[in-house]
Amino acid sequence: MKKQTAYILVATLIVLQLYSLVKINSLQSRIENTNNTINSVENRLDNQINSIYQNVDQKLEAQASLIHNSSTKVGKLDIATLTVPIKFMIEPKTVTETMSVSLDFNGEIVRLEKSGLQYSTTKNFEISDRIFPKIIMEDTGVKNIEEHIGLRVSNIKEQVFPYIFARFSRQSSYGSNEYRTKGHLDIDYKPSQDNNTFIDMKYVIKVDDEIIKEIPVLLEKNNGGTYTLDIDDKYSINDGQILTSNVVAVDSFGFTHEYLVTHFVAGSNAQREPYFEQEKIIAPNGEIIYLFDENNYEKIN
């Protein structure tokens, strides 16, 4: 009888312990959910507070600014000079008969012409230029200098030339002087704002700058889109040789665009894949007018 009672007590204790464990796990789960909810609410509040501060700062800056409005208009590419005209327009909050307005382009001062309440000028720039001039307003010997976001032109290239980006999802290996790669290449492209489109595109593989294979890309969409190539290739290369692959496209102005996809040094243990981003644009006369090489962390004219 005593043994039965002991068994019952032990069984009861085990059941109670299991019940306690279930309750503890349930409480831990509820605590974790509560903490997640609190963190989410805190993040949302932080974002809202930051947004409020940002809006207040923007309104204070706008209130303190002497400029009512400013804007730019990017013109068409001059293929002969490889420059693009950009028109700058400024409307001050206060306009007087004796006021003059100029723009400071890194030390080059250009005076604007007045028409009614607006001042404007047009200046030519190269494709790779980044533009954010200072405004100089002078009246009866008093100068005021400020910057205004409406005059910023951060990337002329994207407004003049089609956009291209390539990404390669693949598996690659190298051994016995053979480089193997298999996967699919996705190429995204869209025309420029002036409807400059690509009229020809291909995928080009080189070894030490010598073309060993070309794969045409059939462009069926004049308004751009995504194109996919299935790749299953192997190439014979010796130690020290460099294998590269590029998407090469020609736009309707006759400019050639090269976008690096693969860069592999045979036998190099330090080879990094994917390689740093690299893009260049070559004019019809063979001049490189734009070069971006992330490997050097710089943009070269």
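Residues: numbered from 1 along the sequence shown.
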Gap separating the OG1 atom of Thr181 from the CD atom of Gln171, nearest 0.5 angstrom: 9.0 Å
Test item: Asp208 side-chain N/O and Ile242 main-chain N/O as donor-acceptor pair under 3.5 Å: yes
Distance flag, aromatic centroids of Tyr119 and Phe88, threshold under 6.0 Å: no
Beyond-backbone contact of Val265 with Leu243, side-chain heavy atoms, under 4.5 angstrom: no
Arg152-Thr72 side chain donor-acceptor pair, cut-off 3.5 Å: no
Student check: side-chain heavy atoms of Phe161 and Ile289 closer than 4.5 Å: yes
Between Ser252 and Asn196, a side-chain donor and acceptor under 3.5 Å: yes
Thr226-Asp188 side chain donor-acceptor pair, cut-off 3.5 Å: yes
Inter-residue atom distance Ile231.CD1 - Lys182.NZ, 0.5 Å rounding: 12.0 Å
Parallel, tilted or perpendicular: rings of Phe253 and Phe255 (30°, 60°): perpendicular
Phe198 ring center near His257 ring center (under 6.0 Å): yes
Side chain Glu138, main chain Met99, donor-acceptor under 3.5 Å: no
Residues Tyr174 and Asp239: side-chain donor-acceptor under 3.5 angstrom: yes
Cation-pi check, Lys234 onto Tyr179 ring (under 6.0 Å, within 45° of axis): no
